[in-house]
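Model, not experiment: these values are computed from the prediction. Because only heavy atoms are used, hydrogens play no part in the values below, and waters and symmetry mates are left out as well, while side chains stay in. Below, chains carry the letters A, B, ... as their sequence lines are ordered, and counting in each starts from 1.
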2 protein chains.
Amino acid sequence: MAARPAPEKNCEHIDPRVEALVTDLIGRVADKWTMILLEILEEKGTQRFTQIARAVPDISQKMLTQTLRRMERDGMLTRTVHPVVPPRVDYALTPLGETLSEAFCGVWMWAEANLERVEHAREEFDARQVAV
Amino acid sequence: MAARPAPEKNCEHIDPRVEALVTDLIGRVADKWTMILLEILEEKGTQRFTQIARAVPDISQKMLTQTLRRMERDGMLTRTVHPVVPPRVDYALTPLGETLSEAFCGVWMWAEANLERVEHAREEFDARQVAV
DNA sequence: CGGTATCCTCCTCGATACTG
DNA sequence: CAGTATCGAGGAGGATACCG
């Protein structure tokens with residue numbers, strides 16, 4: 001109970017077997033499109049397929065479908081098909097998806113806050129490479 | 001100023017031009033190996049190349065070098081070559097790397113806490129697919 | 001020890017075309 | 001509208017061999 005001077009970190013590590021599984025899960029959620037779709041649904045609430053597509057112009061329809069399906073499978077969001085013509089499909093975050101979105105919030109804020117620092121670091125690095 | 005009932009979120013959104021850059025940056029840092037190396041260096045402090053390699057047995061030497069270089073370029077860590085024989089190279093997080101590591105902390109905790117929920121969601125989803 | 005360099009193989013991802 | 005199906009290019013990433 002004495003000599004640990006760094007209580008700033010609450011991100012302590014865990015059972016190695018669990019860690020492998022966690023690492024695996026990280027590999028799937030730490031994906032650019034997943035993060036972006038989480039953000040959009042968190043921000044705008046329930047959205048239809050085309051609404052999401054318009055909100056993320058860079059994504060191909062294929063990737064959008066694929067990512068939404070995987071997120072549905074992982075319990076991040078619900079997909080509701082309304083039996084009308086023309087078809088209408090709503091996507092909404094589940095509570096699980098919302099908690100993940102909140103967890104990623106810190107990363108978004110970090111990226112926003114440190115954009116310039118990273119840019120600067122790159123320039124310095126590249127300059128050093130040329131010099132050598 | 002009235003009817004917005006959800007002040008729980010402090011992850012508000014931003015200038016679209018900035019957002020594109022942020023999204024880009026996210027694409028580079030939201031990488032499995034980057035997250036894992038950040039964790040290891042945060043947890044264990046300065047490490048040599050082979051120490052890291054041993055700590056992450058699944059990574060190939062190529063990916064390890066590549067990821068470390070990119071992180072160095074982005075200002076996440078420093079690479080110190082000691083001119084001795086045999087060669088010795090130390091890797092250590094910079095303050096910037098440490099803040100990112102902390103930002104990812106929430107995601108690690110989420111993954112650890114929700115592993116079973118995700119597993120369960122997958123089983124349910126897969127069962128539903130077979131049924132249909 | 002701490003890398004590069006090279007080759008080779010998946011597998012992601014985009015583009016296009018078609019459907020209920 | 002909201003997909004599925006198919007094709008094809010390109011890059012990620014592993015295996016191996018060699019170097020300072």
Side-chain angles (χ1 to χ4, degrees), chain A residues 20 23-24 26-37 40-41 44 46-74 76-92 125-126 128-130 132, chain B residues 20 23-24 26-37 40-41 44 46-74 76-92 125-126 128-130 132:
Chain A
T23 298
D24 218 69
I26 286 289
R28 302 201 208 169
V29 299
D31 162 71
K32 183 189 174 185
W33 296 130
T34 302
M35 281 188 65
I36 293 176
L37 295 190
I40 288 182
L41 287 171
K44 305 193 175 180
T46 303
Q47 295 275 297
R48 302 179 55 172
F49 188 83
T50 35
Q51 286 182 303
I52 303 176
R54 266 194 298 275
V56 194
D58 291 355
I59 199 171
S60 67
Q61 200 185 39
K62 180 179 171 183
M63 276 312 295
L64 180 53
T65 303
Q66 214 171 89
T67 309
L68 286 170
R69 261 335 120 71
R70 181 164 35 196
M71 289 171 75
E72 186 195 359
R73 178 169 184 257
D74 287 348
M76 308 285 119
L77 52 79
T78 58
R79 175 173 176 271
T80 312
V81 182
H82 299 279
V84 296
V85 277
R88 177 200 175 104
V89 180
D90 285 337
Y91 293 91
F125 182 88
D126 294 346
R128 246 178 293 142
Q129 295 315 296
V130 175
V132 176
Chain B
T23 298
D24 219 68
I26 286 290
R28 302 199 208 171
V29 299
D31 162 73
K32 183 188 173 183
W33 296 131
T34 303
M35 282 188 65
I36 294 176
L37 295 190
I40 289 182
L41 287 170
K44 304 192 175 178
T46 303
Q47 295 277 297
R48 302 178 55 172
F49 187 84
T50 35
Q51 286 181 302
I52 303 177
R54 267 193 298 274
V56 194
D58 291 355
I59 199 171
S60 67
Q61 201 186 38
K62 179 181 171 180
M63 277 311 297
L64 180 53
T65 303
Q66 215 172 89
T67 308
L68 285 170
R69 260 336 118 71
R70 182 163 34 197
M71 290 170 74
E72 185 196 1
R73 178 169 185 257
D74 287 348
M76 309 283 117
L77 52 78
T78 58
R79 174 172 176 271
T80 312
V81 182
H82 300 279
V84 298
V85 278
R88 176 200 176 108
V89 180
D90 284 339
Y91 293 91
F125 182 89
D126 293 346
R128 247 177 292 143
Q129 297 312 299
V130 175
V132 177

Heavy-atom side-chain proximity of A/Ile52 to A/Ile59 below 4.5 angstrom: no
N/O donor-acceptor pair, side chain B/Gln61 with base C/dG3, under 3.5 angstrom: yes
Atom pair CE/CD1 of B/Met35 and B/Ile40 - distance to nearest 0.5 Å: 12.0 Å
Atom-pair distance (CZ on B/Arg88; P on C/dG3), nearest Å: 13 Å
Within-4.5 Å side-chain heavy-atom neighbours: B/Asp74 and A/Phe125: no
A/Met71 side chain reached by A/Tyr91 side chain, heavy atoms, under 4.5 Å: no
Atom-to-atom span, CG of B/Asp90 to P of C/dG3 - whole angstrom: 10 Å
For atom CG of A/Leu68 and atom C1' of D/dC1, their distance in whole Å: 14 Å
C/dT4 phosphate, OP1 or OP2, under 4.0 Å from B/Arg69 side-chain N/O: yes
The helix from C/dC1-D/dG20 to C/dG20-D/dC1: angle between end helix axes, five pairs per end, rounded to 10 degrees: 50°
For A/Lys32 against B/Thr23, the heavy-atom pair lying closest together: CE-CG2, 3.7 Å
Below 4.0 Å: OP1/OP2 of D/dG3 and any side-chain N or O of A/Arg79: yes
Distance below 4.0 Å between B/Tyr91 side-chain N/O and C/dG3 OP1 or OP2: yes
Length of the CD-P vector between A/Gln51 and D/dA2, whole Å: 8 Å
Presence of salt bridge, B/Arg73 and A/Asp126, under 4.0 angstrom: yes
Under 4.0 angstrom between B/Thr50 side-chain N/O and C/dG2 OP1 or OP2: yes
C/dG2 phosphate, OP1 or OP2, under 4.0 Å from B/Arg48 side-chain N/O: yes
All pairs passing salt bridge (Lys or Arg N to Asp or Glu O under 4.0 Å) where residues 56-67 of chain B contributes a residue, at least two apart: none
Shortest non-hydrogen separation from B/Arg28 to B/Thr34 and the atoms involved: O-OG1, 4.1 Å
Heavy-atom side-chain contact between A/Gln66 and A/Arg69 under 4.5 Å: no
Taking N or O atoms only and anything under 3.5 Å, show me the protein contacts with nucleotides 8-13 of chain C, one pair per line.
{"unit_1": "C/dC13", "atom_1": "N4", "unit_2": "A/Lys62", "atom_2": "NZ", "d": "3.1"}

